[in-house]
Amino acid sequence: MIGFVILAIIALGGGIGVIVARQPVHSALFLIMNILALAIFYILLSAEFLAAAQVIVYAGAIMVLFLFVVTLLTAGKDDREPKENLAGQRLTAGILAVLVGGGLAVVGVLYPSRAIGLGLPHNFGNLRGMGVTLWGPDFIYLAAVALMLLTAAVGVLVLNRPRRQVKPAPRLEERES
Amino acid sequence: MIPLNWIVGLGAALFAIGAVGVMVRKNPLIMFMAAEMMWNAAALVFVAYARSFHAMSGQVMAFIIIGTAAAEVGIGLAIIVSVYHHRHRLDIDEVSQLKG
């Protein structure tokens, strides 16, 4: 239980740090802290493969991509927050989100679900278990993720294609004159 | 073992923090990171229920979430960089209209 409290404090602190940090670089580092805390949660919940995937994919690939873009776009700029145009939007959003999140948390804590016995199935959550599940009964999800990643790669290529200079075609009269 | 309902509560709190970040901040990069945190909160709850019900399906859902987040970050950052090249400001209100 004490471990849970420490990890929860790290995760929540990282989360709050993401949204209050002034510079995007600090936000990214706080998000890495949050992600690593969640990876330790995955290990505690006997999801070893997902913990490794979380560290490799999230903390490795995704956050490095974020840091690349942050350094590309915000280096040497002033990072003050632009002024809010909608009056009272921040206050309303904060109050509503705290109400919803607090309500969900209270409901989640007050109404525990039934716990199933302690013995875990064989290969639960390790690499072999995930492989058997993903290539067996749940193959459609693996295919869906593969298709989605392929689509995203093609989409990024299309978004960043070099724009050709479009010259207006000479008009017919101009060409004749 | 950690009680399941406390982890669900933690997931709800992380989700709410991410929602506050998306609604309050105006830097598109930070909004994106807060959205990532909301994905992560959902994945945490999936994994907790998978552990509780001894079903691998929840972990498969968390796997899908990780894959989706990777695809989403690629596309989203490409869009942010593309918008920045047009407008030269990091402000989400720049893209409040769907107009080049």
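A note on names: the letters A, B, ... follow the listed sequences, proteins ahead of strands, and every chain is numbered from 1.
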If you take all heavy atoms of [X] and [Y], which pair is closest and at what distance?
X	Y	result
B:Val20	A:Ala97	CG2-CB, 3.3 Å
A:Gly101	B:Ala12	O-CB, 4.0 Å
A:Val18	B:Ala34	CG1-N, 4.4 Å
A:Tyr58	B:Ile66	CE1-CG1, 4.1 Å
A:Asp138	B:Ser57	OD2-CA, 4.4 Å
B:Asn40	A:Leu38	CB-CD1, 3.6 Å

Below 4.5 Å from any heavy atom of chain B, which atoms of [X] appear? Answer side chain, backbone, both or neither.
X	answer
A:Ala28	both
A:Leu134	side chain
A:Leu12	both

Which portion of [X] sits near chain A, non-hydrogen atoms under 4.5 angstrom:
X	answer
B:Phe15	neither
B:Glu36	both
B:Met61	side chain

When you look at CG of A:Leu157, are more than 12 heavy atoms from neighbouring residues, nucleotides or ligands closer to it than 6.0 Å? yes
Backbone of A:Ile19 reached by a side-chain donor or acceptor of B:Arg25 within 3.5 Å: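 Flag set: sc B:Arg25 to bb A:Ile19 pair under 3.5 Å.
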Report yes if some heavy atom in the side chain of [X] is under 4.5 Å from a heavy atom in the side chain of [Y]; otherwise report no.
X	Y	value
A:Phe124	B:Gln59	yes
B:Asn27	A:Pro24	yes
B:Phe63	A:Tyr141	no

